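Residue numbers begin at 1 in each chain, while the letters A, B, ... track the order of the sequences. What you see is a predicted model, and the numbers here were worked out from it, not measured in a lab.
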Protein chains: 2
Amino acid sequence: MSRPTLASLASELAVSRQTISNVLNAPHRVKPATRERVQAAIAAAGYRPSAAARQLRTQRSMNLGMRLLPATDGINGAILDRFLHALTEAAQSAGYRLTLFCAESDEEEIRQYEQLLDVAGLDGFILTSSTPDDARTRWLHARGTAFAVFGRPWDSAGQPVAADHPWVDVDGAAGTEGSVKMLLAQGHTRIGFLGWHTGSPVGNDRRLGWKRAMSAAGYGQDLVTLNVEAEDTVAGGAAGTAVLASRGATAMVCSSDSLALGAMGQLRESRPGAFLRGGGPAGPDGQAAVVGFDDTPVAAALGLSSVAQPVEEAARHVIRVLTHELDGSGASLLSRGEGPERQLLLAPRVVERIPLPLAAP
Amino acid sequence: MSRPTLASLASELAVSRQTISNVLNAPHRVKPATRERVQAAIAAAGYRPSAAARQLRTQRSMNLGMRLLPATDGINGAILDRFLHALTEAAQSAGYRLTLFCAESDEEEIRQYEQLLDVAGLDGFILTSSTPDDARTRWLHARGTAFAVFGRPWDSAGQPVAADHPWVDVDGAAGTEGSVKMLLAQGHTRIGFLGWHTGSPVGNDRRLGWKRAMSAAGYGQDLVTLNVEAEDTVAGGAAGTAVLASRGATAMVCSSDSLALGAMGQLRESRPGAFLRGGGPAGPDGQAAVVGFDDTPVAAALGLSSVAQPVEEAARHVIRVLTHELDGSGASLLSRGEGPERQLLLAPRVVERIPLPLAAP
DNA sequence: CACACGGATTTGATCGATCAAAATTGTGAG
DNA sequence: CTCACAATTTTGATCGATCAAATCCGTGTG
C-alpha cells in the first residue's frame, strides 16, 4: 500500500524502470503503444516521481528561494502580498516550488544563499529589491547561480547602470510623470513633489518623472520651490504638505501612499473642507489634489489617487525569465535568441479616484 | 573543487563515512578525540550534508508547507506579512524550511497537500485559517500528516469544538471585551458593535466579547439596539456607523480596521468635528470613539485604537508545536507529556491611541 | 542469407546520505 | 593469559530516481 516507485510500477507493468522514466522525461524515445500503456498505469497508480531522488541524481531541486524582508511600514509593504502570491502561483505553474527564508542583512542573505545552495540545492533566487552596487548580485553572478531581480541595478552613486543579469522593474518616473499629467489635465499648474531624501535611487527616479513632466509643461522654474523631501511616514507627509501649501502648491505628487495619506489629512484639517470643497490652496475646480504611489489598499479605501505598480505582471515575468534561464540552458540550441526579455521596465498605471466623502449618503 | 561529501571527507580524514555521519547525528557514539578531529575537518571543509540525499534515506524533508491564500482586502490582510515573516524565521531556526503554494479552493488545497507530500515529501503543513467543519484538517488527520492550524476548530454550526490536532488562536472575544472596557473607562456607556454577518465564526467570537463586557457592565438591555452588521469594507463601516449613531451610540467596537476606518470617516464627516472636538453623538469628554481590530498599519498611521493580535507569537507557537510533533516522535519516551501546549488561545492587546490631528502642528 | 543499422528497451552504475549489522578495539574479570 | 562484553568504527545495502552504455529487435541491403 505504500507509494509506488519507478521500480514497483516497472515490475507490475513488466517493463524496465528506465522505460517509465523515459515516458516521463523523453517520451519520443518510447514506442507510442508502450508509452500509452505506461501513461495509463502511471495515472491509475497515481505515481509521482520523488523530487528527492530526482534531485540527488540530476542536481536540480526545482526549488527557488526568496528572502522575506523584515516587514517594513506595512502601508507600502502591503504590495508584497500581491507580489508573493503571483510569484508563488507563477512558480507553481512552471513546475517550481518557492522556498522562503529570512536574513537580517544583505551579508547574511549571502550566507543563506550559500547554505541553501549546498543543503537544499536551490536552483535559483529571486531578489525583491536592488541596492546601489549590490553585493548580492555580484556574489550570485560570481558563483554562477541563476537569479532574477525585481528592481533595476544601480551603481554606487545611485544611478541606473547596465548589468547583464535578468531584472524587472517598474518605471517609477513614468508613474509620477503620469500623475503630473493627470493633474495638469485637471487644470492644476502648481504641482508639488513630496518625496524621500535623495539617497534613495527609487525615490530619485520618482522625483525625476515629476521634474520631466513639469519641465515639459513649461513649469520648470518651479522645480526647486515645489520639491520637498520628507520622512516616509504619515506625519512626514503632513509636515511636507504644510510646506508645499505655504509655497502655493494646489496639488502634489507623492513618493508613497504614506506620504499621500499625510498630505490628505493635512489638507483636510489645516484648511477644513479645502480638500473636498475648495478654499485655501486649491486647484481650478476649487479642490486640492493628492496622488500617492503604490496603490495600496489604504489608497483604494480612502479614494486616494495613486500610481499602481503591475506587481503581478512583474512577478510573472521574474519567474518567466528565471525559469527560462534554468530550463533553457539545455535547449539553448533550439531557442537561442528567443525567450523573454531579460531586462524589462514595466509601465505603471495612474489610478484616478474621487476622494471618498467618508460619510454614508 | 566541488562540494565535499561524506565520502570525500571520509577519505581525507581516513575514517569511514558512517563515523562522520555519527558525529553529526549521534555524537555520543563517537570517541571524543575523533569527534573533535572530525568536527574540525567539517568546519574547515565547509561540509554540509545534502538534504536530498538525507531525505531520500530518511524520508524526511525538513520542509513545511503553507498555502498562500488569495490576497484579501489588504487592509486586514496586512497582518499576513507579519505572520509569514515570523513563521519563516521560527521555522528556519528550528532547522526547517518553508515552502509556499497556492490553491483556489480548499479542495484544491487538499490536492496540493497530496502532491507535495508525494513529490516533495513535505513533513507538515501550516493552515492559516480554519473553516467550520474543516475538510482539510480531516484529510490531514486521516492521512496521518502533521499539521498545525492558526485558528480554532469550529463545528458545522460555527461553534467552537474540541479537536485533537494542534492549533493556536487569538481570543477575539477577549479583545473586544478589552475594547469595551477601555471605552467604559473613558466614560462611554452607549457602546455599539459594528461587525460582520453572523455566518463568520471569527466575527461571532468578536461580537461575543462585546456582549459579555456590556452585560457585565449592566448595559445588557442595549445588546440588540447597538449591534449592527455590515459588509467588511470602509463603505460598510460608514453605513453601519450612521445607523449606530442614529441609535445614540457614542462609541463603537468594530470587527476590523476596515470597518473602523469607515466609522472614523463617517463620524468626521457627517457631524463635522464630532470625532475630534465633540458635538453630535459623543462621549462624556465630548469625543466619539472607535476601536478597530487587527491593529493594521493603517490604524497606526491614523491613530486609530485597535486590538492587536500577537501574530508573531502565534507563528512561533505554531512552529513550536509542529516541530515538536515532528522531532518529538522519536524522543517521545523521554519527553512524554512535556512539550508545548498543543492548543493555545492567546490574549490580544488593546492598543489605545489618540486620534491623529491629521495636520502638522 | 548474413549483416549493418537505427529505434526501442534494458542493465548496471551512480547521486550522497543513513540504517543495520558486522568487525575491530579496548577493558576488566576470572 | 584468555574470554566475555562494551565501546568504537567499518562495511554493505538501501532510499528512488537518471545517466551512460549495452542489448535486443525488426528492416532494408548487398
Side-chain angles (χ1 to χ4, degrees), chain A residues 2-39 41-42 45-63 95 115 117-123 327 330, chain B residues 2-39 41-42 45-63 95 115 117-123 327 330:
Chain A
S2 66
R3 216 161 85 69
T5 69
L6 222 42
S8 77
L9 243 194
S11 66
E12 265 182 50
L13 272 171
V15 296
S16 68
R17 305 183 310 272
Q18 188 61 38
T19 297
I20 305 183
S21 174
N22 282 336
V23 168
L24 294 170
N25 303 312
H28 63 276
R29 286 197 206 150
V30 182
K31 191 162 65 173
T34 25
R35 189 195 309 160
E36 277 156 35
R37 199 162 63 92
V38 171
Q39 275 163 343
I42 287 176
Y47 167 73
R48 289 186 240 261
S50 142
R54 186 174 265 178
Q55 178 185 347
L56 184 58
R57 185 71 246 233
T58 62
Q59 306 289 9
R60 303 225 9 222
S61 64
M62 300 305 278
N63 229 297
Q115 199 208 295
L117 285 168
D118 277 2
V119 174
L122 295 198
D123 292 336
D327 301 338
Chain B
S2 67
R3 216 162 85 67
T5 68
L6 222 43
S8 76
L9 243 195
S11 68
E12 264 183 52
L13 273 170
V15 297
S16 69
R17 304 182 311 273
Q18 188 62 38
T19 297
I20 305 183
S21 174
N22 282 337
V23 168
L24 293 170
N25 303 313
H28 62 276
R29 286 198 205 150
V30 181
K31 189 161 66 171
T34 28
R35 189 195 309 159
E36 277 156 35
R37 199 162 62 93
V38 171
Q39 276 163 342
I42 287 177
Y47 168 73
R48 291 186 240 260
S50 143
R54 186 174 266 178
Q55 178 185 348
L56 184 58
R57 185 71 246 235
T58 62
Q59 307 289 12
R60 305 224 10 220
S61 64
M62 301 304 280
N63 228 297
Q115 199 208 294
L117 286 168
D118 278 2
V119 173
L122 296 198
D123 292 336
D327 300 339

Would you find more than 12 non-hydrogen atoms of other residues, nucleotides or ligands less than 6.0 Å from B:Arg48 atom CZ?
-> yes

Assign a letter to each nucleotide of nucleotides 8-18 of chain D from its 5' end: B, base within under 4.0 Å of a protein heavy atom; S, sugar-phosphate only; -, no contact.
-> SSBBBBBBBBB

Considering all heavy atoms, the nearest B:Arg17-B:Ala7 contact | CG-CA, 4.2 Å

For the residue pair B:Gln59 and B:Asp123, what are the closest heavy atoms and their distance?
-> O-OD1, 4.4 Å

Hey, could you give me the CG/CZ distance between B:Leu56 and A:Arg57, rounded to the nearest 0.5 Å?
-> 12.5 Å

Here the pair of heavy atoms bringing B:Thr34 nearest to B:Lys31 is OG1-O, 2.8 Å

